[in-house]
Structure formats: C-alpha cells, structure tokens
There are 2 protein chains.
Amino acid sequence: MNAPASGVRATRQRAAILALLDRTDRFRSAQSIFDELRADGHGIGLTTVYRTLQALVAGEVVDVLRSPAGESLYRRCETEEQHHHLVCRRCGIAAEIPGPVVEAWAREAAAHHGFSELSRTLEVFGLCRLCGTR
Amino acid sequence: MNAPASGVRATRQRAAILALLDRTDRFRSAQSIFDELRADGHGIGLTTVYRTLQALVAGEVVDVLRSPAGESLYRRCETEEQHHHLVCRRCGIAAEIPGPVVEAWAREAAAHHGFSELSRTLEVFGLCRLCGTR
DNA sequence: GTTTGTGCAAATATTTTGCACTTGA
DNA sequence: TCAAGTGCAAAATATTTGCACAAAC
C-alpha cells in the first residue's frame, strides 16, 4: 500500500534546460533554447523542451509571456513576489518591476465591474538602453 | 496630374465586418466573425476577414488583444483615449478601463531602466458577473 | 482602365499529441 | 520493476501569402 512516490524526475534534459535558464537573464523561446542546447552538444528534442518548460511554468519556476509576435518566451523568475516585466523586444533582456500599484488598480476595476477570477497580463515591451542606442 | 486618390475602398465585405463589429460589444476572433457573416448569408472569405481586421487595427478603428489561448480578438474601440480592457474569458464581453495610472507607472519604470519605444500590453481577463454566477 | 480588394489553396509558424522506446528511482 | 520522461513523426491551430480574378473609383 505504498504511495507510488509520484514526482518530477531528475533527467539529463531537465537539468540542461534549467542550467541554461540559470545562466541567462533574457526571455527565450522554446526554439532558441532547443537550438542552444543542441549547439552545446546536448541530445534533446524540441518536444521535451516544450514539455519541460510547461512543467516549469506550472510549478512557477519560470515566467512565461507572449511576445508581440505571438511566441511564448520563458525566463527564470528572480523574485517570488508577483511582478511584471519590462522586456526588450530586440534582445529579450528584461527587468522585473514590482506590481502592487497595478494589482490594486486591477482589483478595484474588476470589483467595480463585477468581474471575478482575474488573471492579469501586463508586460511592457520596449528597447533596452543598449538596443535603443544602436 | 490628379493624385490617384489612394485610400481604402468601400467594399461589401468591409461594410459587413464593420456592421458586425458595431452591433456587438464583445471581443471576437476572426474565425467567429467569419462564421457569423457566413451564417448571415454574406459571401466572404476568411482571408478577407483577417486582412480587413488587420487594416482596421492599423487604422486604430478596432482594438486587438491576444487571448490567453493565443487567439487574436477584435472589438471596436469605444473611446479614443488610450485604455485597457477587462475581458470575460468565457463570453468575451469587455469593459474599457482608463489607463492613466498604469501609463504613468509604466513610463516611470521604463525611464528608470533606460527603456525606450514602449508598447504596453495590459489586459485583465476574468469572469464577468453573468458568467461568474453560472 | 488602373489600382485595390477578394478568395481559394498552399505555405508558415508555433505548439501539441500519439505512440513506442528509454530511463530514473 | 514500472511509472515517468523522451523524441520522432504527424496533427492541430492560427495566421499569412501567392496568384488569378473581380470590383471600386
């Protein structure tokens, strides 16, 4: 009657993805993560990259956002608290900006209109100092 | 030497799309707009729906946003001023909420981090009073 | 009559899924 | 052992594009 010890397994692929995410501070697409891992000689499939990222997002280990172009971009969270991102649309570099102000504002607006079960989406895209200069 | 009067042409299809958008207050997908027009007996192609919506967005005649599911949703703007939306994820109904607070906040954060050429994305998804009750 | 719009079919892009095989605990 | 993870190929989804034809001005 032992519980089957269900849980996440420590695989080579998962470790490689986490390691890559840890050494970058940019939002990356699944494809670009896949490409880099392949270039680094890791054997991994694109499907696995997608599935692992999905799991990491569900576990709140990484942040996702959709780029204006419609791609999902992933990055490791720096803070535990809820926050938003200021993302460079050219290089993907991002600053985390705290969100209490917007939070309060959104909650108030929602209450006013009788909305429930909110899920916010606030991402500010722009050009970072470096990319904006070029 | 007359200028070729370049501009948007008043076509049957364009009129049908605008009429539909005028008589609804929900965010609609291109596909659902297409389906309804077809059901109403209008001859129109999905491609045309996409292309027309694109043009209307460019002309700032309609608002677009991406649903959490990754679809583009379209609705006619009610106000000229910049604003955000509180969108029901079930029925697509939406309230427009003014954005000066968030605007100021975003601009400040951007300035602080040296970002330029901003484009905000703030949409709050939730369940409207009706859908939340059911 | 010329330019812009239309619509089909095909292409693209991103992400997901079926399924047989591998691997970690 | 054996449930969980992997990866290929194929499917699914949403949107765009090439091109011949039609419609607007």
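Order of the sequence lines sets the chain letters (A, B, ...), proteins ahead of strands, with each chain counted from 1.
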_Side chains of A/Arg89 and B/Ser119: any donor to acceptor distance under 3.5 Å?_
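Looking only at side-chain atoms, A/Arg89 and B/Ser119 do form a donor-acceptor pair, the distance falling under 3.5 Å.
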Expressed in angstrom and rounded to an integer, what is the separation of [X] atom [atom1] from [N] atom [atom2]?
X: A/Arg28; N: C/dT15; atom1: CZ; atom2: P; answer: 14 Å
X: A/Glu71; N: D/dA14; atom1: CD; atom2: C1'; answer: 14 Å
X: B/Arg14; N: D/dA24; atom1: CZ; atom2: C1'; answer: 13 Å
X: A/Gln31; N: C/dA13; atom1: CD; atom2: C1'; answer: 10 Å
X: B/Leu53; N: D/dT16; atom1: CG; atom2: P; answer: 10 Å
X: B/Arg38; N: C/dT6; atom1: CZ; atom2: P; answer: 14 Å
X: A/Tyr74; N: C/dT15; atom1: OH; atom2: C1'; answer: 8 Å
X: B/Ile44; N: D/dA22; atom1: CD1; atom2: P; answer: 18 Å

Compare side-chain N and O positions of [X] against OP1 and OP2 of [N] and report whether any pair is under 4.0 Å apart.
X: B/Gln13; N: D/dA23; answer: no
X: A/Gln54; N: C/dT15; answer: no
X: B/Tyr50; N: D/dT15; answer: yes
X: B/Thr48; N: C/dG7; answer: yes

*Looking at side-chain heavy atoms only, is the closest gap between A/Phe27 and A/Leu65 below 4.5 Å?*
yes
*How do A/Thr11 and B/Arg66 order along DNA chain D: which one's closest nucleotide is nearer the 5' end?*
A/Thr11
*Want to settle it: does A/Arg12 or B/Gly70 sit nearer the 5' end of DNA chain D, counting the closest nucleotide to each?*
A/Arg12
Using a cut-off of 4.0 Å on non-hydrogen atoms, how would the nucleic acid contact of [X] be classed: base, sugar-phosphate, or nothing?
X: B/Thr47; answer: base
X: A/Ser72; answer: sugar-phosphate
X: A/Ala10; answer: sugar-phosphate

Taking [Y]'s backbone N and O only, do any of them form a donor-acceptor pair with [X]'s side chain (distance below 3.5 Å, no angle check)?
X: A/Arg38; Y: A/Gly43; value: no
X: B/His83; Y: B/Glu81; value: yes
X: A/Thr52; Y: A/Thr48; value: yes

_For C/dG7, does the base pair up with any side-chain atom of B/Arg51 as donor and acceptor (N or O, under 3.5 Å, distance only)?_
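Yes.
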*Can you tell which of D/dT15, C/dT16, C/dC8 lies closest to the side chain of B/Leu46?*
D/dT15
*Among D/dA24, D/dC8, C/dG24, which nucleotide sits nearest the side chain of A/Arg9?*
C/dG24
*Find the distance between NE2 (B/His85) and CD1 (B/Ile97) and round it off to the nearest 0.5 Å.*
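It comes to 8.5 Å.
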*A/Ala69 or B/Gly43: which one's nearest nucleotide on DNA chain C is closer to the 5' end?*
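Counting from the 5' end, the first nearest nucleotide belongs to B/Gly43.
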